[in-house]
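Worksheet: one structure, shown below.
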Amino acid sequence: MSTETTASPVRVRIAPSPTGDPHVGTAYIGLLNFLYATQRGGQFVLRIEDTDRTRFVPTSEQMIFDALKWAGLTWDEGPDVGGPYGPYRQSERTEIYREHVEILLANGTAYRSFETAEELEEMRKQQIAAKTPPRYNGAHRHLTQDQIVAYRLQGRPYTVRLKVPTEGSTTFRDELRGDITFDHNNVDDQVLMKSDGFPTYHLANVVDDHLMRITDVIRAEEWISSTPKHVLLYNAFGWSLPRFWHMPLLRNADKSKISKRKNPVSLIFYRESGYLPEAMLNFLGLLGGGMAQPTEEEIVSKQLNTKEGDIFSLAEMIEKFDFNRISLGGPVFDLVKLKWLNGEYLRKLSPEAFFTQLRATIFSDAYLQAIAPLVQTRIETLGQFGDMTGFFFSDNVLPAESIFLPKKRTYEETIAFAAEQLATLEASAWDLESITNALKALGESKEWSVKENFMLLRAILTGSTTSPPLVESLVVFGKARTLDRMRRFLEAEKKRANQRK
RNA sequence: GUCCCCGUCGUCCAGCGGUUAGGACACCGCCCUUUCACGGCGGUAACACGGGUUCGAAUCCCGUCGGGGACGCCA
């Protein structure tokens, strides 16, 4: 693969979107970018891609910073630390994108498109029904100047689309896979600027990568099929291309792209559940190859236990991780192996350090202080504290059917309702009032009494019919762990139901 | 459906034309042990299939099949 050195220093970036909890995939790609830059004495940039106002979550950006720092990754430039190529938040760069869209409009590589979202949706539906590839039909590619002026005078909203050539193809080099070619009739006229004036990923990404002097785009494999659009954009601006490295996608056990339905994907979850960042990083470094296994001689000379080949620090990854070793099959994110690794790290700690870890996370003063008031009014001896709060400190809480099933409900409707509760909590802000209101609204719409509603959730969360106040407990236990517990409950019941059949 | 990517034990990796196909997790057994875990020892288990190329193919080529991704005014 390419080993040529460029005159310019290596600059890479990760570009997460603040749309929810920081994702384990962001940490994975972040680690890879970090390693690549560090190994080459380059810079690692963090850019926040917050151009989708409909999915924007205000607390998310800070969580991304915190989670990446927790994992042990640091960046040289970013919204929080600044840098010479800022701003590093795309919502603060809209003027830049607007100027660049004008360039494309002027040189004829982009055009205005006046269809509404509804019209396009209708078109897509018809195409899918007709089993043809859903693609923009190019209706407004050749509007006359008069028509465009007329539409604009009417105040009709418009998007700006990339004018993909009708003939020919685009070939680009993927550093891991070699040349990849896309025929232009398989490349859609991508929207570059939405009617709200915000750019789409494709435009913002290319413009920013160029302006921020990014030399290597290291991102997930899911971007391969939009890379020709990006290449066309670089060409339209007359810019030179960065190198593209598409990393294999993390997978669920069934090989589909990793998703929160089938795996805990929130880094917050791992932090709050007591995973060590070193173990997480080590595990991510294991996925996709990259780290050479020790040779037989090394095992002998360094007296390595064979399993030590799987255990390595960030420093060792910086030293040894080799991008040309990466294997292209999407690795399954295997929680079982992560847990084993985490256990290895935990056991290696000195007793003092282990205790410190415990006190910093699962038995932190803050956590205990939040829990204490929930039991004080109902406690008789301090010794009962554990009895009343065990579920806060346990990982495996699975209620028996006799506990969770309401008297007047069937098993099926109960499981269905629990799934609704999960969806509701997932969408809810994590405070007493929001959760209470969301849960009650759900109960009303499905005609579940408050009692049935809350008792079911209580059973899932605590494994018991008695507990400290439910919603207060939820708040303290945290969103990430609550959702995980509910998903595990649902998963366990699904398995149980299948076995009964 | 169309395009693109991928294909070694259940899972994660080794293997780069000649290996009894190796290691780790998981699983099973034995040892250690008052229990459980840790630790130690051992075991089950894979080159998707079919054609080439070659003296020789897990390794190179082609096809088939299988898996995945993309096809949004999401990223």
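Keep in mind it's a predicted model, so treat the numbers as computed, not measured. Below, chain A is the first sequence line, B the second, and so on; all start at residue 1.
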Query - Sugar-phosphate, base or nothing in reach of Leu120(A), heavy atoms under 4.0 Å - result: base
Requested in this report: Write down the partner of A45(B) under the Watson-Crick or G-U wobble criteria, each distance required to be under 3.5 Å.
Outcome: none
**Report entry** G-U wobble or Watson-Crick pairing nucleotide for G7(B) (cut-off 3.5 Å, both distances)
**Finding:** C65(B)
Report summary line: Reading nucleotides 2-8 of chain B from 5' to 3' and marking B where a protein heavy atom lies under 4.0 Å of the base, S where only the sugar-phosphate is that close, and - otherwise, the string is SSSSS--
Query raised in the report: Any side-chain N or O of Lys257(A) under 4.0 Å from OP1/OP2 of G67(B)?
Result: no
Report task. Give one of base, sugar-phosphate or nothing for Ser195(A), where a contact means two heavy atoms less than 4.0 Å apart. Result -> base
Query raised in the report: NA contact type, Pro331(A), heavy-atom cut-off 4.0 Å: base, sugar-phosphate, or nothing?
Result: sugar-phosphate
Query raised in the report: Which of these, Lys163(A), Lys229(A), Arg141(A), sits in a salt bridge (charged side-chain N to carboxylate O under 4.0 Å, His left out) with Asp189(A)?
Result: Arg141(A)
Query - Interatomic distance, Lys337(A) NZ vs C13(B) P [rounded to whole Å] - result: 9 Å
Query raised in the report: So what does Ser226(A) touch, heavy atoms closer than 4.0 Å: a base, only the sugar-phosphate, or nothing?
Result: nothing
Query raised in the report: So, Asp50(A) side chain and Gln90(A) main chain: donor-acceptor pair closer than 3.5 Å or not?
Result: yes
Query raised in the report: Is a salt bridge present between Glu272(A) and Lys479(A), judged by a nitrogen-to-oxygen distance below 4.0 Å?
Result: no
Query raised in the report: For residues Glu49(A) and Tyr201(A), is any side-chain donor paired with an opposing acceptor at under 3.5 Å?
Result: no
Donor-acceptor contacts, no H, no angles, side chain residues 488-495 of chain A, under 3.5 Å, sequence neighbours left out:
residue	atom	partner	partner atom	Å
Arg488(A)	NE	Asp484(A)	OD2	3.1
Arg488(A)	NH2	Asp395(A)	O	3.4
Arg488(A)	NH2	Asp484(A)	OD2	3.1
Glu493(A)	OE1	Tyr411(A)	OH	2.6
Glu493(A)	OE1	Arg496(A)	NE	3.0
Glu493(A)	OE1	Arg496(A)	NH2	2.8
Glu493(A)	OE2	Arg496(A)	NE	3.4

Requested in this report: Determine the contact category for Ser113(A): base if any of its heavy atoms lies under 4.0 Å from a base atom, sugar-phosphate if only primed atoms, P, OP1 or OP2 are that close, otherwise nothing.
Outcome: nothing
Report task. Provide the distance between the two C1' atoms, one in C62(B) and one in A57(B), to the nearest whole Å. Result -> 15 Å
Query raised in the report: Should C74(B) form a Watson-Crick or G-U wobble pair with both distances under 3.5 Å, which nucleotide is its partner?
Result: none
Query raised in the report: Whom does U34(B) pair with, Watson-Crick or G-U wobble, provided both distances fall under 3.5 Å?
Result: none
Requested in this report: Classify the nucleic acid contact of Gly343(A) as base, sugar-phosphate or nothing, counting any heavy atom under 4.0 Å across all strands shown.
Outcome: nothing
Requested in this report: Keeping to residues at least two apart or across chains, list the side-chain hydrogen bond (donor to acceptor under 3.5 Å, both in side chains) pairs with something in residues 15-29 of chain A.
Outcome: Asp21(A)-Ser266(A)
Report task. Have a look at Thr54(A) and say if it touches a base, only the backbone sugar-phosphate, or nothing, with a 4.0 Å heavy-atom cut-off. Result -> nothing
